[in-house]
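To find a chain, count down the sequence lines: A is the first, B the second, and so on, and within it residues start at 1.
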Protein chains: 2
Amino acid sequence: MIKYPNMKPVSSNKLGSKTKTFGNRGQSFEDEINDANSYYLNNNRAVIFKKPTPIKVVRMTNDRLNPAKISEAYFVQPSTTDYNGLYRGKYIDFEAKETQNKTLFPLANVHSHQIEHLARVVSHGGIGFILINFRAHQEVFLMDANLVLEYYKKAKSIPYEDFKTRGKEVKVGYVVHVDYLKVVDELYF
Amino acid sequence: MIKYPNMKPVSSNKLGSKTKTFGNRGQSFEDEINDANSYYLNNNRAVIFKKPTPIKVVRMTNDRLNPAKISEAYFVQPSTTDYNGLYRGKYIDFEAKETQNKTLFPLANVHSHQIEHLARVVSHGGIGFILINFRAHQEVFLMDANLVLEYYKKAKSIPYEDFKTRGKEVKVGYVVHVDYLKVVDELYF
């Protein structure tokens with residue numbers, strides 16, 4: 001996991017190395033969620049995509065043979081969460097994060113505008129939540145945006161134990177590894 | 001308007017020049033829709049964003065003073081439409097295009113996977129449409145995704161006259177220039 005200033009983490013897979021994660025398949029958490037979304041899409045269950053990483057293009061190359069090449073660009077802070085889409089007629093929106101921490105999830109990992117965005121989603125009648133991968137425990141939890149907002153107002157982190165009691169675990173699925181829509185079904189429908 | 005291979009048009013404003021468009025304010029159509037979305041967001045009417053342009057990062061710079069600089073990247077084809085979000089509890093999804101053509105909108109301007117995406121949105125209970133800016137007429141029309149799909153199956157374009165009869169014009173608003181949610185209210189609620 002490499003972090004650049006003011007941007008979200010880039011999955012290590014994209015940079016060539018491998019990370020031990022949820023399910024221990026050598027895939028990054030982001031890749032696993034993308035796999036789940038592809039499965040949902042291909043099986044006509046949901047239409048959920050990861051938004052592209054926002055990049056500010058400063059300069060294109062002058063090379064006539066390669067006019068579409070960007071030669072200077074920078075990552076910029078996303079204004080919303082990473083994932084959104086449509087499921088069972090409802091707008092769905094979430095942020096997914098990993099932590100190595102065994103006892104808590106530090107809320108500094110979620111930008112304030114992402115929190116604001118989730119609050120807006122809830123107030124406009126959408127489904128909003130976070131998916132947290134506790135890598136040390138190899139456990140993934142879903143927590144509803146309203147609860148996340150409650151913690152955000154009073155604390156700097158959410159205890160691991162609270163994910164167990166107030167969140168809902170996303171169990172490892174056979175067909176879809178991070179089958180988070182199963183938990184969405186239980187919680188919101 | 002500059003087009004790169006296999007990607008969507010980049011608004012000319014971003015590249016420093018200005019274009020005469022809808023309403024003739026020297027803004028690109030994309031900028032006008034972004035303005036509308038900002039207004040809707042700030043006035044708590046809707047939560048709709050333009051997705052970032054997907055860019056494949058090939059190389060970061062080696063410069064130690066500037067480690068976050070991307071030194072080689074390429075635009076890639078988007079897998080979905082450009083805009084989506086949440087309005088009055090409903091998932092909303094659309095593509096916005098401009099044309100200089102006076103008599104028709106060429107459907108080649110919309111990628112097949114964007115059409116497929118709109119079809120999925122409709123089948124999963126979301127609101128899907130296209131917004132077309134006929135620059136020669138300085139008129140913007142909204143056309144429902146189901147109609148667009150109908151044309152896509154049988155023709156290479158949608159006649160301008162059909163936008164007038166089967167689409168709905170987005171009239172120039174005073175506060176919000178391209179106040180497309182007004183038409184969404186009439187058509188879908």
Side-chain angles (χ1 to χ4, degrees), chain A residues 2-7 10 14-15 37-38 40-41 44-61 66-76 78-82 84-93 116-128, chain B residues 2-7 10 14-15 37-38 40-41 44-61 66-76 78-82 84-93 116-128:
Chain A
I2 294 174
K3 286 207 176 194
Y4 299 104
N6 290 328
M7 60 161 291
V10 169
K14 290 201 176 147
L15 296 162
N37 289 340
S38 294
Y40 296 148
L41 190 73
N44 207 29
R45 270 192 72 195
V47 187
I48 300 163
F49 285 90
K50 182 182 181 296
K51 292 184 189 175
T53 305
I55 290 173
K56 184 183 166 64
V57 175
V58 175
R59 206 155 33 100
M60 304 293 297
T61 185
N66 204 356
K69 183 180 157 187
I70 298 160
S71 52
E72 186 179 353
Y74 298 90
F75 292 103
V76 291
S79 4
T80 65
T81 49
D82 273 359
N84 79 350
L86 176 60
Y87 180 52
R88 295 175 66 172
K90 295 284 277 179
Y91 175 86
I92 194 167
D93 196 302
E116 280 164 32
H117 178 71
L118 285 173
R120 282 197 186 103
V121 165
V122 171
S123 80
H124 283 266
I127 294 171
Chain B
I2 294 175
K3 284 206 177 195
Y4 299 105
N6 289 326
M7 59 161 294
V10 169
K14 291 201 177 146
L15 296 163
N37 289 340
S38 293
Y40 296 149
L41 190 73
N44 206 29
R45 268 192 72 195
V47 188
I48 300 165
F49 285 90
K50 183 181 181 296
K51 292 185 188 175
T53 305
I55 290 172
K56 183 183 167 65
V57 175
V58 174
R59 205 152 36 98
M60 303 295 295
T61 186
N66 204 354
K69 182 181 158 187
I70 298 161
S71 53
E72 187 179 353
Y74 298 89
F75 292 103
V76 291
S79 1
T80 65
T81 49
D82 272 358
N84 80 349
L86 175 61
Y87 180 53
R88 294 175 68 173
K90 296 284 277 179
Y91 175 87
I92 194 166
D93 196 301
E116 281 164 32
H117 178 72
L118 285 172
R120 282 197 186 103
V121 165
V122 171
S123 79
H124 283 265
I127 294 171

Looking at [options], which one has more heavy-atom pairs under 4.5 Å with chain B than the rest?
options	value
A:H117, A:R88, A:R59	A:H117
A:A73, A:G126, A:S123	A:A73
A:G125, A:S71, A:S79	A:S71

Worksheet item: Taking it one step at a time, do A:R120 and B:L41 satisfy side-chain contact (heavy atoms from CB on, under 4.5 Å)?
Response: CA-CA 9 Å; A:R120 282 197 186 103; B:L41 190 73; 3.6 Å; yes
Worksheet item: Could you state the interatomic distance from NZ (B:K90) to CG (A:L86), rounded to the nearest 0.5 Å?
Response: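 Rounded to the nearest 0.5 Å, the NZ-CG separation comes to 8.5 Å.
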Practice prompt. Give, for atom CD1 of B:I48 and atom NE2 of A:H124, the distance between the pair rounded to the nearest 0.5 Å.
Written response: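 Reported value, rounded in 0.5 Å steps: 9.5 Å.
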Discussion item. What part of B:F49 gets within 4.5 angstrom of chain A, counting heavy atoms only: side chain, backbone, both, or neither?
Written reply: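 B:F49 touches chain A through side-chain heavy atoms alone.
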Checking [X] against chain B: side chain, backbone, both or neither under 4.5 Å from a heavy atom?
X	value
A:T80	side chain
A:V121	both
A:D93	neither

Worksheet item: Looking at B:V57 and A:F75, what are the two nearest heavy atoms and their distance?
Response: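 Looking at all heavy atoms of both residues, the shortest contact is CG2-CZ, 4.0 Å.
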Worksheet item: Which pair of heavy atoms, one from A:P52 and one from B:P54, lies closest together, and at what distance?
Response: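 In terms of heavy atoms, the two residues are closest at CB-CA, 3.7 Å.
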